[in-house]
Protein chains: 2
Amino acid sequence: MEEVSRNVKTQSAPKTISQQVYERLRDEVLTGSLHPGVWIREHDIASAWSVSRTPVREAVRRLAHDGLVESSPNRGVRVRVLTPQEVHDVYELRELLEGTAARRAAERADTSDVERLRAHLGHIDALPASEPAAHIRADEAFHDVIVAMAGNEALSDLTRRLYGRVARVKVITRDTNTNAQTRAQHHAIVEAIAAHDPEAAERAMREHIRTFKEIVAERLQREPEPQSD
Amino acid sequence: MEEVSRNVKTQSAPKTISQQVYERLRDEVLTGSLHPGVWIREHDIASAWSVSRTPVREAVRRLAHDGLVESSPNRGVRVRVLTPQEVHDVYELRELLEGTAARRAAERADTSDVERLRAHLGHIDALPASEPAAHIRADEAFHDVIVAMAGNEALSDLTRRLYGRVARVKVITRDTNTNAQTRAQHHAIVEAIAAHDPEAAERAMREHIRTFKEIVAERLQREPEPQSD
DNA sequence: GTCCTACGGATTGTATGCATGATACACTTT
DNA sequence: AAAGTGTATCATGCATACAATCCGTAGGAC
């Protein structure tokens, strides 16, 4: 197993080891390398990546705070199992929060905002269906821009956290990101915002999220997440 | 300065030292013992309370994640300064989220829920005005119960985070917690839920939060938070 | 007088050793 | 054979030592 880079000053982004371990661990949970139910032992991660337990410990705590792993006191942490109920709840919240954000965005948008939004949309439409990971990132950025347009930093923070919490299930909707309905919904949202129509913007956003909520719910029911233990 | 209790098995609630340090530190930030802008140095806290830096470090990280302190890389953490804008944004979100929660609570409440809610309200009304910290905790618990009644775990999580983020400004409304208007609003919320009237419940909750939003905004404008450095 | 550099102090970031608590399994007892 | 108990084992919780980094400051060059 390869080591975590230590004193590489050229890559300034993730400076501390703790940060690197956090990002890598998070990636493995989100992409499914670490299945739900698996125990994460500090010593194992530390020796596998040639770091000490301290930064691993910190990274694990952050994951617990993010809701990606659950900790048993004095026993360790394990990757959380996403229940259909939890996914449903999160999508319900996203509908409320992002619906409101879209409304506010329609009220406040200026021409440069709309321009940036159209650019993002064009970027999404241009992505080939063969790169689901890029699609997921682009979609997240698209939603992020709209929420940011609402001008409420705390709202942006919350929706980002919500997004991270269910990011793992987005993988099962990867084929849906490119179909005609999704594109139409994206365009409807953007046009409502561009037309400064708050009602239509909120309606379009809520419908968009509701569509995905139902798709995810149905597929999770058919084939639950793979689990270990 | 008194020590943090270590192996006292009689008090089982806050088991780990890290947890005790976290709760105590959080209390000091919320009650204003630690002013905005003050640097929190791990070593100082550790030696003052006779523990090692490790649990202090963990506690401080959790505070950072809660948004109560901000960290400069390799420099330390300091108590955050709350801007009026940020407070406004958070209260706006609370109005949306808790208003919705109250609506759902009114739809779903059974008799035992209502009973528990009334018990909490009685507890709040019985608290002496001389203990603002206890009041803040009790008020938080009250809101928490209502949100929990909505039956959306993710919603509970989010509102708890939001609450923690502005809990410090609640200190400047400590006299308001005990006045007649606040009590009346609390009772209005509970009665609307008890009567299974979703519309009234949401309206009452939004009005309650809006009232505090305005009080906090006005007072913050008059006299900004005390700062050090 | 101003700017650049090098050094020193202080604080966080990391590593490691030891203590504590929990669980699993085997052994005893009924 | 089943239930209860004791012990071995292992992972976390905590303490402490060491390394890396940042900021301020003093000193010198121009």
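Hydrogens, waters and symmetry mates are skipped; everything else that's a heavy atom, side chains included, is used. Please read all numbers here as calculations on a predicted model, not as lab measurements. Within every chain, numbering begins at 1; the chains are lettered A, B, ... in the order of the sequence lines, protein sequences first and strands thereafter.
Atom-to-atom, CZ of A:R61 to C1' of D:dT12 comes out at 9 Å; the value is rounded to the nearest Å. Protein atom CD of A:E58 is 15 Å distant from nucleotide atom C1' of D:dT12, rounded to whole Å. Between A:W39 atom CH2 and C:dA22 atom P there is a gap of 14 Å when expressed in whole angstrom units. Distance, B:Q19 CD to D:dT12 P: 18 Å, rounded to whole Å. Residue A:H43 contributes atom NE2, which lies 11 Å from atom C1' of D:dC10 at whole-angstrom precision. When the C1' atom of D:dA20 is taken as reference, atom CD1 of A:I17 falls 10 Å away, rounded to whole Å. In this structure, B:R53 places its CZ atom 18 Å from P of D:dG13, rounding to the nearest Å. Note: OH (A:Y22) to C1' (C:dT14) measures 20 Å, nearest angstrom.
If you check residues 64-72 of chain B against DNA chain C, you find no residue with a heavy atom closer than 4.0 Å.
Listed nucleotides D:dA11, C:dA15, D:dG13 differ in distance to A:T54; the shortest reach to its side chain belongs to C:dA15. Side-chain proximity of B:S18 to C:dT23, D:dC14, C:dT12: nearest is D:dC14. Between D:dC14, C:dT23, C:dA15, one nucleotide has an atom nearer to the side chain of A:P55 than all others, and that is C:dA15. When the nucleotides C:dA22, C:dA15, D:dG13 are ranked by their closest atom to the side chain of B:K15, C:dA22 comes out on top.
An OP1 or OP2 oxygen of D:dT12 is reached within less than 4.0 angstrom by no side-chain nitrogen or oxygen of A:R41. For C:dT14, neither phosphate oxygen OP1 nor OP2 lies less than 4.0 angstrom from any side-chain nitrogen or oxygen of A:S52. Contact check, B:R57 against C:dG13: a side-chain N or O comes under 4.0 Å of OP1 or OP2.
In terms of modelled atom types and a separation under 3.5 Å, the side chain of A:D89 and the main chain of B:A154 share no donor-acceptor contact.
Within the 4.5 Å cutoff, side-chain heavy atoms of B:L25 are placed close to those of B:L34. Using a 4.5 Å heavy-atom cutoff, the side chains of B:L30 and B:L68 are in contact.
Using a 3.5 Å distance cut-off with no hydrogens or angles, the side chains of B:R62 and B:Q19 do pair a donor with an acceptor. Judged purely by distance below 3.5 Å, without hydrogens or angles, the side chains of A:D66 and A:Y22 pair a donor atom with an acceptor atom.
Going from atom CG of B:D144 over to atom CE of B:M149 covers 12.0 Å, rounded to the nearest 0.5 Å.
Taking the six-membered ring for Trp and thresholds of 30 and 60 degrees, B:H208 and B:H143 have nearly parallel ring planes, at less than 30 degrees apart.
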